[in-house]
Amino acid sequence: MKENIKTQNWLAKWLVHELSEEDMTLFHQNEDFDLYQKISEYSLNLEIIPADIKKKFEEQLLYNETYEKNVSKKLKRIIYPIAASLLLLFTLWLGISRDDAIETQYAQKMEISLPDNSKVFMNTDSKIVYNKKNFLKTRFLKFEGEGYFEVSKGSTFKIKTSNGSIKVLGTKFNVFSRDGELKVFCNEGSVRVSDENNSVVLTENQGAIAMSNLSLSLQSQESSSPQWRFGKNHYNKTPLKKVITELERQFDIEIDATNIDSNRLYSGLFYHKNMNEALATVFEPMNIEYDLKENSNQLFLKNK
């Protein structure tokens, strides 16, 4: 029904039978007409003191209008400050508290620069989370995966992973944090590595490892700086399943190793440039056949 049909005077006129035929037709279109009709029929059966219905109804409508306006003003006085406060908090959350996340996918590497001019070289399937607004003050970030850090000199630089934490000043080091394992190798300067129970300080060409079932400790003298950022992975007596997982990351493939012993130890390397060469380098010396289905990223392994 049109807005002028809803004018309160129409209801009063209808109650005292003063609507024209044209107005009555339009009034019947009101969505609340059936309710008005029932109220009218019920009121006819009531025994009441005669009164000027039209006058009383109009007085009631005037009172309703005044009441609604007063209530509306009160609500505005309450709601507007609350809404403004919520808007302010939301704006502060967007501007201050929100963290920035950067991720690499399988077969993807990335170099990023942090607000303090530190650099992070991210390996495949890795993630870094930090707050751009506060980073210069806190020099704090969260990291998972593998990355090589070149930290600019300044206040303490802190990295938190799910497997432990690292604190440094100005230095260069590699962080590996995956599947309950944390490995850190210091190329330059010094690095403090901590897990839940222990802490060690690494200097140049030293590494540390922490695993879910082992305490944090220095790596053996055979350890060396990870070479993934130069396009290759080097392994020394490493379970084959870890090598397979890294092949999957570097080439974005799925390897089915159910038909081989993936706990065998592998020593060697593979390059990231060519997948077929990498597969041959790893599996042929171990007498393992591999079959890559055509137009597929699935690789099946079996013993020769």
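One is the number of the first residue; the rest follow in order along the sequence.
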task = Just grab all the ring-ring contact (aromatic ring centres under 6.0 Å, His included) pairs involving residues 245-279, residues at least two apart or on different chains.
result = Phe270-His272

query = Got more than 12 heavy atoms from elsewhere within 6.0 Å of NZ, Lys304?
reply = yes

query = Heavy-atom distance under 4.5 Å between the side chains of Ile244 and Ile260, does that happen here?
reply = yes

request  = Report the distance from atom CD of Glu277 to atom OG1 of Thr281, rounding to the nearest 0.5 Å.
outcome  = 7.0 Å

key: Shortest non-hydrogen separation from Phe173 to Val151 and the atoms involved   = CE2-CG2, 3.7 Å

request  = Indicate if Leu202 and Phe143 have the same hydrophobic cluster label, given that clusters are the connected sets of ILVMFWY residues with side-chain heavy-atom separations under 4.5 angstrom.
outcome  = yes

task = Provide the full list of salt bridge (charged side-chain N to carboxylate O under 4.0 Å, His left out) pairs with a residue in residues 281-291, sequence neighbours left out, each pair given once.
result = Glu289-Lys302, Asp291-Lys293

ask   = side-chain contact (heavy atoms from CB on, under 4.5 Å) between Tyr290 and Ile255: does it pass, once the steps are laid out?
value = CA-CA 9 Å; Tyr290 53 92; Ile255 300 178; over 6 Å; no

Sub-4.5 Å side-chain heavy-atom contact between Met122 and Tyr148 = no

query = Honestly curious: do Val282 and Ile288 fall in one hydrophobic cluster under the side-chain, below-4.5 Å linking rule?
reply = yes

ask   = Is Leu269 reachable from Phe185 through a run of hydrophobic residues whose side-chain heavy atoms are each under 4.5 Å from the next?
value = no

note = Interatomic distance, CG@Asn131 vs NZ@Lys142, rounded to 0.5 Å, equals 10.5 Å

note = When rounded to the nearest 0.5 Å, the distance separating CZ of Arg192 from OG1 of Thr156 is 10.5 Å

inquiry  = For a side-chain contact (heavy atoms from CB on, under 4.5 Å) check, start with the C-alpha distance between Leu182 and Val175, then their side-chain angles and the critical distance, and finish with the verdict.
reply    = CA-CA 7 Å; Leu182 174 66; Val175 175; 4.2 Å; yes

request  = Give a yes or no answer on whether the side chain of Asn134 reaches the backbone of Lys137 with a donor-acceptor pair at less than 3.5 Å.
outcome  = no

query = Closest heavy-atom contact between Glu103 and Met110?
reply = O-CE, 3.9 Å

ask   = Between Gln206 (side chain) and Thr203 (backbone), is there a donor-acceptor pair under 3.5 Å?
value = yes

inquiry  = If the test is side chain to side chain donor-acceptor pair (under 3.5 Å), which one of Thr124, Asp125, Asn123 qualifies with Arg249?
reply    = Asp125

inquiry  = Could you walk me through whether Glu246 and Tyr235 satisfy the side-chain contact (heavy atoms from CB on, under 4.5 Å) test, starting with their C-alpha distance in whole Å, then the side-chain angles of each, then the deciding distance to 0.1 Å, before giving a yes or no?
reply    = CA-CA 11 Å; Glu246 194 60 34; Tyr235 298 96; 3.3 Å; yes

task = Could you tell me the separation between the CG atom of Asn303 and the CZ atom of Arg264, rounded to the nearest 0.5 Å?
result = 6.5 Å

ask   = Of all heavy-atom pairs between Ala101 and Val129, which one has the smallest distance, and what is that distance?
value = CB-CG2, 4.0 Å

inquiry  = Does either side chain, that of Lys232 or that of Gln250, offer a donor lying less than 3.5 Å from an acceptor on the other one?
reply    = no

Check: Gln227 side chain, Ser225 main-chain N or O, donor-acceptor pair, under 3.5 Å = yes

ask   = Within 45° of the six-membered ring axis of Phe121 and under 6.0 Å from that ring's centre, is NZ or CZ of Arg229 located there?
value = no

task = State, yes or no, whether a side-chain contact exists between Thr238 and Ser267 at a heavy-atom distance under 4.5 Å.
result = no

ask   = In terms of hydrophobic clustering (I, L, V, M, F, W, Y; side-chain heavy atoms under 4.5 Å; direct or indirect links), are Val184 and Val120 co-clustered?
value = yes

request  = Taking the side chain as every heavy atom from C-beta outward, state whether Leu141 and Lys160 have any atom pair closer than 4.5 Å.
outcome  = no

ask   = Any donor-acceptor pair under 3.5 Å linking the side chain of Ser152 with the backbone of Asn117?
value = yes

query = Is it true that Phe149 and Val200 fall in one hydrophobic cluster, defined by side-chain heavy atoms closer than 4.5 Å?
reply = yes

task = For the residue pair Pro115 and Tyr130, establish whether any side-chain heavy-atom pair is separated by less than 4.5 Å.
result = yes

task = Would you give the length of the straight line joining atom CD1 of Ile253 to atom CG of Leu299, rounded to the nearest 0.5 angstrom?
result = 5.5 Å

ask   = Is the shortest heavy-atom distance from the side chain of Leu292 to the side chain of Met275 under 4.5 Å?
value = yes

side-chain contact (heavy atoms from CB on, under 4.5 Å) between Ile166 and Phe157, worked out = CA-CA 8 Å; Ile166 301 101; Phe157 188 103; over 6 Å; no

key: Atom NZ of Lys167 with >12 non-hydrogen neighbours under 6.0 angstrom   = no

Glu144 CD to Phe176 CZ distance, which is reported to the nearest 0.5 Å = 10.5 Å

query = Taking atom types as modelled and ignoring hydrogens, do the side chains of Ser113 and Lys119 form a donor-acceptor contact shorter than 3.5 angstrom?
reply = yes

message = Tell me the closest heavy-atom pair linking Leu265 and Lys237, and the distance in Å.
response = CD2-O, 3.8 Å

Closest heavy-atom pair and its distance - Leu169, Gly154 = CD2-O, 3.6 Å

ask   = Where the side chain of Arg139 meets the backbone of Ser155, is there a donor-acceptor pair that is under 3.5 Å apart?
value = yes

query = Does one side chain, of Ser177 or Asn163, offer a donor that lies under 3.5 Å from an acceptor on the other?
reply = yes

request  = Spell out, as yes or no, whether a donor-acceptor pair under 3.5 Å connects the side chain of Ser118 to the backbone of Leu114.
outcome  = no

note = Ser194 and Leu216 have their tightest heavy-atom pair at CA-CD2, 4.1 Å

Asp99 side chain reached by Phe135 side chain, heavy atoms, under 4.5 Å = no

ask   = So Glu181 and Lys242, salt bridge (Lys or Arg N to Asp or Glu O under 4.0 Å) or not? Walk me through it.
value = CA-CA 12 Å; Glu181 182 178 3; Lys242 292 188 176 183; 3.0 Å; yes

message = When you compare the side chains of Asp256 and Thr258, does any donor N or O come within less than 3.5 Å of an acceptor on the partner?
response = yes

ask   = Counting only N and O atoms by type, is there a donor-acceptor contact under 3.5 Å from the side chain of Glu204 to the main-chain atoms of Ser190?
value = no

key: Distance-only donor-acceptor check, side chains Ser126 and Glu146, under 3.5 Å   = no

